[in-house]
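Below you'll find the structure, written out as structure tokens, and then a few comments.
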Amino acid sequence: MSKEITSRKEDYAQWYNDLVIKGGLADYSAVRGCMVIKPYGFALWEEMRDELDRMFKETGHENAYFPLFIPKSFLSREAAHVEGFAKECAVVTHYRLKNDPDGGGIIVDPEAKLEEELIVRPTSETIIWNTYKTWIQSYRDLPLLINQWANVVRWEMRTRLFLRTTEFLWQEGHTAHANAEEAITEARLMLDVYTDFVENFMALPVIRGVKTPSERFAGAIDTYCIEAMMQDGKALQAGTSHFLGQNFAKAFDVKFSDKQNKLDYVWATSWGVSTRLVGALVMAHSDDEGLILPPKIAPIQVVIVPIYKGDERKELLDARGKELASALKKAGIRVKFDNNDNNRPGWKFAEYEKKGVPVRLALGLRDLDNHTVEVARRDTKDKMSLPAEGLIERIVLLLQEIQESMYRKALLFRDDHITKADDWDEFVRLLDEKGGFISAHWDGTPETEEAIKDKLKATIRCIPLNNPPENGKCILTGRPSKERVLFARAY
RNA sequence: CGGGAUGUAGCGCAGCCCGGUAGCGCACUACGUUCGGGACGUAGGGGCCGCAGGUUCGAAUCCUGUCAUCCCGACCA
């Protein structure tokens with residue numbers, strides 16, 4: 001049992017905070033709602049970012065960078081968009097400070113008021129489409145496939161480390177196409193990319209679906225999403241991809257000439273994932289001893305802990321440890337040899353478990369004599385002694401096995417937390433006692449969706465893609481329904 | 001923005017009721033012994049007691065304000 005981490009059973013929210021703070025991922029900062037991402041947490045984000053970036057480029061996208069500030073007037077061009085974001089925007093009104101003539105330190109200079117206020121971007125559709133207007137003339141300029149890695153600000157009332165912070169890091173893809181079909185294909189393609197990444201790298205199974213109109217992105221025609229299930233039975237939206245139709249093209253007057261030289265508005269998508277994924281990763285896999293990171297994105301995949309007996313053969317032990325580390329590194333493994341003399345082995349064991357390092361190797365005098373290494377895996381806590389011969393190959397395989405095993409475990413949990421409900425009492429009972437996704441019929445109206453949300457705090461997470469048609473009655477109103485949708489309480 | 005809690009050493013806390021030299025554990029520094037599951041000894045360093053007023057001979061402690069953070073709700077990725 002960890003001395004420092006609150007157990008999930010005792011207090012799930014506190015457990016999550018403890019993991020993030022004590023696992024060394026992030027700290028609270030002096031700024032309300034904003035966190036400091038610490039080196040270990042940032043390394044994890046970098047692993048995720050680099051893999052996603054590779055995937056984006058492989059699917060033909062290029063990176064660019066657009067301004068942090070957006071003129072206020074831009075935001076209001078698209079009606080639904082401004083409606084969705086207006087309540088959570090940080091606004092820059094002045095550009096200068098000065099000494100307080102009354103001696104109270106520094107104040108905003110009232111004379112330095114901006115002609116037009118600037119919004120700190122909550123997302124960049126408006127500034128980007130304003131720019132695209134000048135980039136796009138002809139069908140030959142399409143498709144335009146751009147991504148940007150950036151920070152954004154949404155003034156949320158309540159924040160939680162990684163899951164919802166005032167400022168967060170993300171990527172936002174913004175593409176322009178000659179017709180609707182191509183744009184929809186793009187939106188779906190990026191949903192595939194997200195699915196691939198989250199399932200195969202984060203070892204986290206997701207449900208792919210489409211949002212109901214009330215859960216749609218502000219300004220979108222359709223919002224596709226991937227939804228993941230956390231250990232406490234709450235759902236978490238892990239990524240979204242939007243088909244924006246011609247909404248932004250019309251708002252910013254972005255037209256192109258087609259082959260027949262006819263002018264038309266271009267078709268758009270946008271898609272994003274954020275540092276929120278780090279929160280999902282933490283909540284989905286970890287246990288009461290600390291983080292459990294999937295090997296493919298763990299900043300440290302293997303840690304080697306030497307166990308000394310005084311100075312006896314210490315140099316040999318060090319040499320053997322370094323040799324092992326460099327052999328693992330050569331095999332493409334991110335490895336750390338921790339021969340720091342300040343902490344004892346037991347302390348290190350606990351520390352690296354807290355940090356979720358997938359594999360720990362312990363190397364002591366006994367191992368030198370027997371030509372063995374003690375191998376411990378973080379996810380199952382299994383320990384075994386392996387011969388030094390062929391160890392590298394075994395570790396490579398073990399990392400794969402851990403990756404797959406973590407996915408299987410999360411998948412079992414997820415599948416066990418999709419439950420059908422066909423009457424209201426059952427629906428309520430499931431939500432309160434079991435949690436997870438509840439698959440139920442819905443009459444398709446926003447009113448019913450809203451009523452269920454008010455009563456139970458459960459929302460429709462998505463209508464799964466490839467959802468089988470099935471005639472039934474709405475869980476609340478009893479009106480006819482043609483398919484089931486997934487309800488859940490969500491982060 | 002409502003409700004609750006908390007601000008005292010880097011972290012976790014005691015002291016506050018009942019005003020009188022600011023403490024404990026961990027961490028840190030030095031040296032030594034240790035090292036197969038969170039080591040131990042000895043000697044050290046570190047504080048505008050969140051901030052601003054007030055009461056008092058004297059305030060971490062009492063009073064008034066204020067700021068910040070966390071948790072729970074409404075809003076949201």
Side-chain angles (χ1 to χ4, degrees), chain A residues 1-6 11-14 16-18 21-22 27-35 84-89 104 122-123 152-172 194 211 214-218 223 225-228 235-242 270-280 289-290 305-314 317 338-354 360-370 372-374 376 381 383 385 453-454 457 459 461 490-491:
Chain A
M1 261 302 158
S2 170
K3 290 198 272 187
E4 299 175 335
I5 296 169
T6 307
D11 185 342
Y12 190 86
Q14 191 55 46
Y16 173 78
N17 286 335
D18 284 353
I21 300 290
K22 290 168 181 162
D27 254 344
Y28 293 109
S29 76
V31 186
R32 182 193 195 87
C34 295
M35 65 175 172
F85 286 105
K87 284 173 290 182
E88 48 188 29
C89 286
T123 180
V152 286
V153 166
R154 295 183 187 174
W155 216 265
E156 302 289 350
M157 292 181 191
R158 195 175 150 220
T159 57
R160 295 194 64 183
L161 295 166
F162 285 111
L163 296 175
R164 180 167 300 110
T165 45
T166 300
E167 178 190 12
F168 57 96
L169 306 183
W170 76 345
Q171 58 69 218
E172 44 182 328
Y194 288 156
K211 289 288 187 188
S214 62
E215 296 275 330
R216 250 178 226 149
F217 174 75
T223 289
C225 62
I226 49 175
E227 293 282 330
L236 186 145
Q237 179 176 300
T240 52
S241 179
H242 317 288
S270 69
W271 28 274
V273 296
S274 70
T275 38
R276 185 178 224 213
L277 284 178
V278 175
E289 269 72 55
V305 178
I307 296 157
Y308 305 119
K309 286 276 186 222
D311 282 336
E312 194 190 343
R313 288 189 283 171
K314 191 170 178 178
L317 214 44
D338 185 357
N339 64 344
N340 183 330
D341 211 21
N342 297 328
N343 298 311
R344 296 164 82 251
W347 188 91
K348 293 178 186 172
F349 291 176
E351 183 67 12
Y352 290 110
E353 274 161 20
K354 208 165 66 186
R360 181 189 71 233
L361 305 182
L363 190 62
L365 294 180
R366 230 155 51 207
D367 297 299
L368 287 186
D369 294 335
N370 303 335
T372 55
V373 173
E374 186 193 77
K381 307 261 187 63
K383 271 199 281 199
S385 189
K453 188 177 173 184
D454 287 347
K457 298 186 170 69
T459 49
R461 299 318 302 155
Y491 280 99

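Labels below follow one simple rule: chain letters A, B, ... track the order of the sequence lines, proteins then strands, and each chain is numbered from 1.
- Residue contacts for A:Thr275: at a heavy-atom cut-off of 4.0 Å it reaches no nucleic acid atom on any strand shown.
- Partner assigned to B:G23 is B:C13, using Watson-Crick or G-U wobble distances below 3.5 angstrom.
- For the 3.5 Å distance criterion, the side chains of A:Asn340 and A:Asp338 fail to qualify, holding no donor opposite an acceptor.
- The partner of B:G73 is B:C1, judged by Watson-Crick or G-U wobble contacts that both fall below 3.5 Å.
- Distance from the side chain of A:Lys354 is smallest to B:G38 among B:G38, B:C71, B:G37.
- For the pair A:Asp18 and A:Lys354, the salt-bridge criterion is not met [side-chain N within less than 4.0 Å of a carboxylate O].
- Following rounding to the nearest Å, A:Met157 (CE) and B:C71 (C1') show an atom-to-atom distance of 17 Å.
- Side-chain proximity of A:Gln237 to the nucleotides B:G37, B:A77, B:G38 is greatest for B:A77.
- Nearest to the side-chain atoms of A:Ala350 among the listed nucleotides B:A77, B:C76, B:G37 stands B:G37.
- Listed candidates were B:U69, B:A77, B:C75. Nearest to the side chain of A:Tyr28 is B:U69.
- Nucleotides B:C24 and B:C63 place their C1' atoms 30 Å apart, quoted to the nearest Å.
- Side-chain N/O atoms of A:Asn343 and base N/O atoms of B:G38 include no donor-acceptor pair closer than 3.5 Å.
- Here A:Lys211 pairs with A:Glu227 in a salt bridge; the nearest charged N to carboxylate O distance falls below 4.0 Å.
- The closest donor-acceptor contact from the side chain of A:Thr223 to the backbone of A:Phe217 lies under 3.5 Å.
- Residue A:Arg164 has its side chain nearest to B:A77 when only B:A74, B:C35, B:A77 are considered.
- Going from atom CG of A:Asn339 over to atom C1' of B:C35 covers 13 Å, rounded to whole Å.
- Comparing the P positions of B:C71 and B:U29 gives an interatomic distance of 32 Å, to the nearest angstrom.
- A:Glu353 comes within contact range of at least one nucleobase, with a heavy-atom separation under 4.0 Å.
- Nucleic acid contact for A:Lys22: none, since no nucleic acid atom lies under 4.0 Å from a heavy atom of the residue.
- Computed from coordinates, the A:Lys348 NZ to B:G38 P distance equals 14 Å when rounded to whole Å.
- Note on A:Ala238: nothing from the nucleic acid sits closer than 4.0 angstrom, heavy atoms only.
- Set against B:C70, B:G38, B:C35, the side chain of A:Tyr308 has B:C35 as its closest nucleotide.
- Position along RNA chain B of the nearest nucleotide to A:Leu368 versus A:Lys453 favours A:Leu368 as the more 5'-ward residue.
- Annotation: cation-pi pair A:Arg360/A:Phe349 present, NZ/CZ under 6.0 Å from the ring centroid and within 45° of its normal.
- In the set B:U34, B:A77, B:A74, B:A77 carries the atom at the smallest distance from any side-chain atom of A:Phe168.
- Salt bridge absent: A:Lys381 and A:Glu353 never bring a charged side-chain N and a carboxylate O closer than 4.0 Å.
- Within 4.0 Å of A:Gly84, counting heavy atoms only, lies no atom of the nucleic acid at all.
- In this pair, A:Trp271 and A:Tyr194 present their aromatic rings perpendicular. The plane angle is above 60°, beyond the 30 to 60° band.
- Rounded to a whole angstrom, the distance from the P atom of B:C57 to that of B:G47 is 31 Å.
- Neither OP1 nor OP2 of B:C76 sits under 4.0 Å from any side-chain N or O of A:Lys211.
- Look at B:G41: its Watson-Crick or wobble partner, with both distances under 3.5 angstrom, is B:C31.
- Closest to the side chain of A:Arg154, out of B:A77, B:A74, B:C76, is B:A77.
- With B:A77, B:C35, B:G38 as the candidates, the nucleotide lying closest to the side chain of A:Lys314 is B:C35.
- Of all nucleotides listed (B:A77, B:C35, B:C70), B:C35 comes nearest to the side chain of A:Ile307.
- Within the 4.0 angstrom heavy-atom criterion, base atoms lie near A:Arg360.
- Within the 4.0 angstrom heavy-atom criterion, base atoms lie near A:Leu365.
- Using a 3.5 Å distance cut-off with no hydrogens or angles, the side chains of A:Arg461 and A:Thr459 do pair a donor with an acceptor.
- A:Asp11 comes within 4.0 angstrom of no nucleic acid atom, judged by non-hydrogen atoms across all strands.
- Of the side-chain N and O atoms in A:Arg344, one or more sit less than 4.0 angstrom from OP1 or OP2 of B:A39.
- The partner of B:A68, taking Watson-Crick or G-U wobble pairs whose two distances both stay under 3.5 Å, is B:U6.
- Pair check for B:U61 finds none; no Watson-Crick or G-U wobble contact set falls under 3.5 Å.
- Of the P atoms belonging to B:G19 and B:G25, the separation is 28 Å, rounded to the nearest Å.
- Side chain A:Lys381 to base B:G37: no donor-acceptor pair is found below 3.5 Å.
- One interatomic measurement links the two molecules: CZ of A:Arg160 to P of B:C76, which rounds to 18 Å at whole-angstrom precision.
- Nearest-nucleotide positions on RNA chain B for A:Tyr491 and A:Glu374 put A:Glu374 closer to the 5' end.
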